[in-house]
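In what follows, a structure is listed as structure tokens, so that the remarks can point back to it.
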Amino acid sequence: MVADVETLSGGGFNGRQSGSSDDWKSAEFVAHRFASLGLTVAPLDVPEAGTPDENGAFMSAPVFSIGHPQVEITTADFALLATPPADYLPVLDSPSVNVTAPVVYVGYGIADPDRGYDDYAGQEVRNKIVLFMRGKPDHLPTPVSHAEKVRTARERGAVAYLTVTAPILSPYEARRGMTTDPSAFYGRQGSEPLLPGAWISTALADKILSSPGAVSTLRSLQEAINASRRPRSKTTQSSVHMVWEGKEGSGALYNVIASLPGRDPEVRHERIVLGAHRDHFGRQADLLFPGADDNASGTAVMLEVARVMRETALRPRRAIDFISFSGEEQGMVGSRFYVSRALQRAGKVNAMINVDHAGIGNGRLTVGLAGVDKSRAIEAAQRSGLFDRVDLFGFFPGGDHVPFKEAGVPTVTIVSGGPHPHFHKPSDTADTINPEILEAVARYVCTLLWQLANAPAP
């Protein structure tokens, strides 16, 4: 598994960006590994007409690139040329930009007067750059997506935006081991026009928010919003200069699908899916994003579990599909494509197990269940010798299991617990991976997969 992580996150695949030639090469690598085990692998050949593949293996995907970014902050006290990735990272599907404008802090960037909360009330942001926190106030019951926040900013005339993770993390962010550092991500939702944007550090946000004689911190503003349930938006005394070149092309996205047949005539038409996304961010903003933990680690676990399942003399009652998805970082487009195209033709899918960033943390395993009985997850923990290291939760809202859950398939999500300090950063390299954690995740996944594939027929 360590060797596979090193290979996939090495320079040969250039960060495995969806739709790129590097994505194709990484797909070939995984397909070759599956085939060498004697598994049946769906062809990767691109249809002559370039039409999407009916088996959910091939589709067209956008390819984004950000080049030569520069962000400079000017306050009443100083000017600062920010440095990526410590101070900021451009949102990777941002359009080209060359703008200088004052900054308006708009809290969480939410305008919902019907529920009595509007971060934009009393603020003029036309031709300004807005700064908003990720997430939502504690008192609002439903999340607001990043795309909705960008739409709100655009409709009010903002020319660009800055987003930041506030110091007080939500329970979900804490469970996933997220930090407040800038991370790479795509902001697009559908075909809506985009605003140029960047994810900045809390330290840089504090510099933007402060003024001579008045220190203002993101933490204090976040606490005030959560305590009063009222916005704390304000015009800052800072301006920001943002410039970079954003490009968009297109390419082919590949899901690699390998199958192990079931042995029981009664249920072998049923199947269990074990999936892990293969893609990452490639070379962006003059930086390489290797994606060792996210998600060469999950891919390595899947390949090892496939090896164990194939090389044992035992055979599962139900079929098992091993799927290496691409496009997860772009909004799970690969898994959504597979579910929309192939799920019904593949036979009944009893459950889907998703493995994502599984190589760093505190040694514990975080498991999210949706529709799978908790007793099965506990039994797998006991049988694998990991009972005292497995933490069970409900549904996780992000990852390639989501389209399956939306289609009514029970899902299990498995990540390594604790902090993931290199999440979506250029520092996510193979030397940060803990082999013992990889082994524990693989042992648990293998045990749970075997149980689900051999469960009694209802």
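Residue indices begin at 1 and follow the sequence shown. Only a predicted model underlies this, so the values are computations on that prediction, with no experimental measurement involved.
The ring-ring contact (aromatic ring centres under 6.0 Å, His included) search around His269 returns none, not counting sequence neighbours. Under the side-chain contact (heavy atoms from CB on, under 4.5 Å) criterion, Thr411 pairs with Met352, Ala370, His401, Phe404, Lys405, sequence neighbours left out. With sequence neighbours excluded, the residues satisfying ring-ring contact (aromatic ring centres under 6.0 Å, His included) with Tyr186 are Phe64, Phe281. In this view, Glu155 satisfies the salt bridge (Lys or Arg N to Asp or Glu O under 4.0 Å) rule with no residue, not counting sequence neighbours. For Arg336, the salt bridge (Lys or Arg N to Asp or Glu O under 4.0 Å) partners are Glu406, not counting sequence neighbours. Under the side-chain contact (heavy atoms from CB on, under 4.5 Å) criterion, Ser65 pairs with Lys247, Gln284, sequence neighbours left out. Qualifying side-chain contact (heavy atoms from CB on, under 4.5 Å) partners for Ser96, counting only residues two or more places apart in sequence or in other chains: Glu245. Applying the side-chain hydrogen bond (donor to acceptor under 3.5 Å, both in side chains) criterion to Asn14, with sequence neighbours excluded, gives Asp22, Arg283. Listed by chain and residue number, Ser259, Ala319, Asp321, Ala346, Val349 satisfy the side-chain contact (heavy atoms from CB on, under 4.5 Å) test with Arg271 (two or more places apart in sequence, or in another chain).
Sorted by first and then second residue, the salt bridge (Lys or Arg N to Asp or Glu O under 4.0 Å) pairs involving residues 417-435 (not counting sequence neighbours) are Asp181-Lys425. Each side-chain hydrogen bond (donor to acceptor under 3.5 Å, both in side chains) pair with one or both residues in residues 372-381, not counting sequence neighbours, appears once here: Asp373-Ser375, Glu379-Arg383. Within the structure, the salt bridge (Lys or Arg N to Asp or Glu O under 4.0 Å) test picks out the following pairs touching residues 1-20 (sequence neighbours left out): Asp4-Arg33.
Side-chain contact between Met309 and Ile320: present, with at least one pair of heavy atoms (C-beta onward) separated by less than 4.5 Å. Proximity of Asn454 to Arg318: side-chain heavy atoms (C-beta onward) are nowhere separated by under 4.5 Å. Looking at heavy atoms from C-beta onward, Phe423 lies out of side-chain contact with Ile360 at the 4.5 angstrom threshold. The shortest side-chain heavy-atom distance between Glu329 and His280 falls under the 4.5 Å cut-off. When side chains are defined from C-beta on, Arg317 counts as touching Arg263, because their heavy atoms get closer than 4.5 Å. Residues Leu140 and Ile110 are in side-chain contact: their nearest non-hydrogen atoms beyond the backbone lie under 4.5 Å apart. Counting heavy atoms from C-beta outward, Met133 and Ile225 have side chains that approach closer than 4.5 Å. In this structure the side chain of Glu328 never reaches within 4.5 angstrom of the side chain of Asn295, judged on heavy atoms.
In the model, His139 has no side-chain atom that pairs as donor or acceptor with a side-chain atom of Asn226 under 3.5 Å. A donor-acceptor pair shorter than 3.5 Å cannot be found between the side chains of His422 and Asp293.
Both tests pass for Arg134 against the ring of Phe185: distance under 6.0 Å to the centre and angle within 45° of the axis.
The OG1 atom of Thr163 sits 7.0 Å away from the CH2 atom of Trp199 when rounded to the nearest 0.5 Å.
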